[in-house]
Amino acid sequence: MRPVYITGTGAFLPGEPITNDAMETYIGELGDEHRRLGRATLRRNGIRQRHYTRTADGQITHSNAQLAANAVREALTQGRCRDDRLDFLATGTTQGDLLVPGFASAVQAELGIANLEIASFQSVCASSLMALKMAQFSVQSGQSEAAVASGSESACRWFQPDFYAESYRDNPDPGVEFLRWTLSDGAGAVLIEPEPAASGRSLRIDWIEQRSFADRFPACMYAGMADNRHDTEVWSHYRSPGEAHQAGALTLKQDLKLLYQIFPVWVGYYLEVLDKHGIEPGDIDAFLPHYSARSLGREMERLLEATGAMIPTERWFNNLETRGNTGSASVFVMLDDWLRSTDPQPGQTVLCFVPESGRALAAFMHLTVV
Amino acid sequence: MSQTDVQHLMRRLTRVWTEFESRLLTVPIIRDARESRLRLADYRMLLKDHYAQVLDGSAWIARAASSVTRPHLELRSQFLRHAVTEHRDYAMLAHDYTACDGDPSDLDAARKNIGSVALSAWMFQRASQPNPFDLMGAMFIIEGLGQWFARTFAEAVTDALSLTDEQVTFYRYHADHDPDHLNELEAALGSGILDTPGMADAIVETATVTARLYLLQLEEVGHYG
């Protein structure tokens, strides 16, 4: 198997940054109680600004596919890769623009690049690492010479007032508002090749590890059913999309109680990954977690300390505060910012952590600067 | 025994704990509660089974305490403190059983379910060994599991059956009163017991078996052989 290197990264965040005070101009107003829940969410998630694919007067500026294509373009430019060199495109997103066909087709169409193999990964925050792992194997095995993986989200479409059932105005839900005031739009991409870039820093992909715990947890972050108690009552089983909409089956939801119950398996899996690869927290030079330290909670932090597994907080790098939580794009947007804003030195190691609450999975990626 | 050894043992125990804790949601009685298939009679049955189980709980911890010899007498006191807290549990279970329209005299004849029989036999067997410090890990698992189970179950059963707080005092108590088991375990592990050859592996093994049997007694609610 050949080694694999990230030779270019790209991020695309649409429009100007939107401050907390201006958010409702873009996601609309639902009610005072919704706003109160939103303010509480902002205090917890620490996000100060984010980007939306909308203008203040409600015009859509980009499709999800356009976001992804812009990030891929940026990664190709930065990696000095000609279009005809690229032979593989893998995309990750929570929800593409279309129900059918797959998202990677739309991104290729936007890019206008010929002779590509494509793969569409649909999950939540970790879908981009699923895409990257496919790209990694493709280059490692010699099937691909230059592959690109993207993560992109157009989250704000879920959050428009009329996207919710009419009854939602009178029944605000903390989990729904948590997402509405946390998620925003953007895209990230990485270019990978079997050799490091001729100039500048590249990142060798040492391994990507991922495990799902859907065998034991119900859906935690979901859209397509009114609640997560009965998996079989899905949106397409209603008599019409209109009926599904009014039943709340098209709302993006988060089960906050369940989220709290998932934390321990993320910690347990992290300890297993440390063991498997024989690494100690002190060996990690930069830790790029998709979530902020504060959302982990004191109990889990205490567990990490007791197990000697806490990576010193001064080695944490996270840009959610200024870029927003862009779901599957986040890990690549972080990596892009980390490369640009720090001075990476050969031999430094990077650990990326992407927990996905969707139905409880977690992914880790270990990189070495070359 | 270095701090790193203690931390590495804590990692192994934490993995055991998270693996079994996360399987709680797959246990039929919890899944039924989550999916609103539970009846009040199911809840009463669980209370009765747990009543039978906790009666043994304080007994095996007391047995473990009596198996501790010099120079570890400080740990004997620690076991005894646990026995006292376990002791109070069955009074709360009896209270909840009555509050759910159960006849308190049923509890006099409460039997351990087949999972509880296995769990209890295992705990007594371990507790009867000289200086059974491998039980420290088991206590961490049980109490950690106990607490997380209590929280998960109290919420699920309250929602499913529209219960009042008065009917869920046992699980609520354990969900809300969270003594720092982690500190206690770290202190015990740092006290020199790991100097005994093979003790770290024994602690992990006992914790793993205990966690499995703990789940088994939840899976076997209402089954008495």
Side-chain angles (χ1 to χ4, degrees), chain A residues 211-220 225-233 255-283 296-311 355 357 359-362, chain B residues 2-28 30-38 140-141 144-145 147-156 158-160 175 178-190 204 211 215:
Chain A
R211 187 173 302 159
S212 163
F213 299 91
D215 60 308
R216 59 198 75 173
F217 290 107
C220 181
M225 55 186 172
D227 70 61
N228 60 353
R229 287 166 196 272
H230 307 285
D231 283 356
T232 48
E233 295 171 12
D255 185 332
L256 292 172
K257 277 183 188 168
L258 193 56
L259 181 61
Y260 176 73
Q261 291 168 7
I262 292 174
F263 281 167
V265 295
W266 286 338
V267 171
Y269 181 51
Y270 165 63
L271 297 177
E272 185 181 332
V273 167
L274 287 184
D275 253 16
K276 178 176 173 185
H277 292 282
I279 48 176
E280 287 296 325
D283 303 337
L296 198 59
R298 181 65 200 137
E299 250 172 333
M300 291 301 114
E301 209 176 297
R302 178 75 188 83
L303 203 53
L304 289 172
E305 284 161 5
T307 51
M310 185 73 179
I311 295 169
S357 68
R359 198 156 183 167
L361 67 82
Chain B
S2 71
Q3 192 199 359
T4 315
D5 291 322
V6 173
Q7 287 176 340
H8 279 157
L9 178 56
M10 288 300 300
R11 281 188 200 178
R12 295 170 71 190
L13 285 174
T14 300
R15 285 175 57 187
V16 174
W17 173 66
T18 60
E19 171 63 15
F20 284 89
E21 187 275 324
S22 64
R23 287 192 183 279
L24 278 175
L25 292 177
T26 65
V27 169
I30 298 183
R31 179 162 278 188
D32 285 349
R34 263 196 65 80
E35 296 174 5
S36 310
R37 276 196 301 265
L38 201 70
F140 169 67
I141 296 289
L145 262 174
Q147 192 226 335
W148 280 72
F149 168 76
R151 187 153 34 187
T152 305
F153 189 72
E155 281 167 4
T158 303
D159 287 352
D178 175 26
D180 196 341
H181 306 306
L182 217 51
N183 278 342
E184 209 171 286
L185 181 66
E186 273 180 312
L189 296 181
V204 173
L215 280 188

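Numbers restart at 1 for each chain; the letters A, B, ... are given by sequence-line order, proteins then strands.
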Proximal component of [X], with respect to chain B [non-hydrogen, under 4.5 Å]:
X         : result
Asp275(A) : side chain
Glu305(A) : backbone
Tyr270(A) : neither
Ile262(A) : neither

Looking at Arg12(B) and Glu272(A), is there a salt bridge between them, counting it only when a charged N and a carboxylate O are closer than 4.0 Å?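 No.
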Leu271(A) side chain reached by Thr18(B) side chain, heavy atoms, under 4.5 Å: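 Side-chain contact under 4.5 Å: no.
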Would you give the length of the straight line joining atom [atom1] of [X] to atom [atom2] of [Y], rounded to the nearest 0.5 angstrom?
X         : Y         : atom1 : atom2 : answer
Met10(B)  : Leu304(A) : CE    : CG    : 11.0 Å
Thr307(A) : Arg15(B)  : OG1   : CZ    : 11.5 Å
Asn228(A) : Glu35(B)  : CG    : CD    : 9.5 Å
Arg229(A) : Arg34(B)  : CZ    : CZ    : 6.0 Å

Using the test side-chain contact (heavy atoms from CB on, under 4.5 Å), find all partners of Arg216(A) that sit at least two apart in sequence or belong to another chain.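 Listed in chain order: Phe213(A), Glu19(B), Ser22(B), Arg23(B), Thr26(B).
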Please find the pair of heavy atoms, one from Gln261(A) and one from Glu21(B), that lie closest to each other, and give the distance.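 Distance-wise, the nearest heavy atoms are O-OE1, 4.0 Å.
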Chain A contact via Ala156(B) - side chain, backbone, both or neither, heavy atoms under 4.5 Å: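 Contact with chain A: none, neither part.
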